[in-house]
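The next block holds one structure in the form of structure tokens; read it before the comments.
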Amino acid sequence: MEWPRTVDDAVALQERLRTQVITTSAPDLHINTVAGLDVGYRSNDTVAGVCVVFDAKTLVVLDEVVVEDTTDFPYIAGLFAFREMPVLLRALDRVTVVPDLLVADGQGLAHPRRFGLACHLGVHTGIPSIGVAKNAMGRFEEPGHARGSMSDLVMDDEVVGRALRTQDGVKPVFVSVGHKIDLDRACAEVLRLAPRYRLPETTRRADTLTKQAASTG
DNA sequence: GCGACAG
DNA sequence: ATCTTGTCGC
């Protein structure tokens, strides 16, 4: 696969790939397995990538993989997919259960060029994907207090995602489409993945493994 | 020039 | 992301 080495090349690649994003769900999209992907940092250039696959209905963990790697691309808001993609793809490759949906720890279309990490993962693999971020990249009005309440996430006068309250009274999470799924479905899946805590189980588990790898071998 | 800026 | 203890609350 082609990989940029400079900021300009990275931006150009995103501009080119963004045209391939599909923001609708196939009529036969059945989500039985969901993968959570996350990256942890041991040092400035040593990373641990995690891919955890859950049964979407029971939220039972079916498989989980942790891989370590090094990275040379620096963290730049808007380009951080180039820092995390390589490790995540390696982790995804080693998983034995093929996921029907990828949940990225970050943005999808809610990105300056409408091509965040979730879009990169989706377009690269062809697997439906969504982004669930803890912080917003864009403006939004506070959603209602109750779990399930949501409001538009707006960037440049364009709706790029949604602020979604996953639990009563907690800070909302920011959901945006990555690829091959519509926003309503994306939000419904996030709610199903977060029956008890603010963050979806996919993110929680991946994050735990990520930190475990960072402190262990 | 100044402030914003996923992880 | 990461540096970091106890503590208040359901």
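So that the names make sense, note that chain A is the first sequence line, chain B the second, and so on, each numbered from 1.
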Rounded distance (Å) that lies between atom [atom2] of [N] and atom [atom1] of [X]:
X	N	atom1	atom2	result
A:Gln212	C:dT2	CD	P	14 Å
A:Met155	B:dA4	CE	P	15 Å
A:Ile76	B:dG7	CD1	P	16 Å
A:Phe73	B:dA6	CZ	C1'	15 Å
A:Glu84	C:dA1	CD	P	9 Å
A:Arg139	B:dC5	CZ	C1'	16 Å
A:Met137	B:dC5	CE	C1'	6 Å
A:Asp207	C:dA1	CG	C1'	10 Å

* Exercise: do A:Asp45 and A:Ser43 side chains pair donor with acceptor under 3.5 Å ->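 Yes - a donor-acceptor pair under 3.5 Å links their side chains.
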
* Asked: Looking just at side-chain N and O atoms, do A:Tyr75 and A:Glu84 make a donor-acceptor pair shorter than 3.5 Å?
  -> no

* Asked: B:dA6 base stacked by A:Phe80? Criteria: ring centres under 5.5 Å, plane angle under 30°.
  ->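 Taking the rule of under 5.5 Å and under 30°, the ring of A:Phe80 does not stack on B:dA6.
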
For a quick check of understanding: with a heavy-atom distance under 4.0 Å over all strands, which category does [X] fall into, base, sugar-phosphate or nothing?
X	value
A:Tyr75	base
A:Leu153	nothing
A:Gly78	base

* Asked: Taking 4.0 angstrom as the limit, do A:Asp156 and A:Arg139 come out as a salt bridge?
  ->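 No, A:Asp156 and A:Arg139 are not salt-bridged.
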
* Give a yes or no on whether a salt bridge exists between A:Arg42 and A:Glu68, defined as a side-chain N under 4.0 angstrom from a carboxylate O. =>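 Looking at A:Arg42 and A:Glu68, the cut-off is met.
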
* Give a yes/no answer on whether the side chain of A:Asn135 brings an N or O atom under 4.0 Å of OP1 or OP2 in B:dG7. =>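 For B:dG7, OP1/OP2 do have a side-chain N/O of A:Asn135 under 4.0 Å.
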
* To do: Measure from the side-chain heavy atoms of A:Lys211 and tell me the nearest of B:dC5, C:dA1, B:dG7.
  => C:dA1

* **Check: A:Phe174 ring centroid to A:Phe140 ring centroid under 6.0 Å** =>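 Under 6.0 Å, so yes.
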
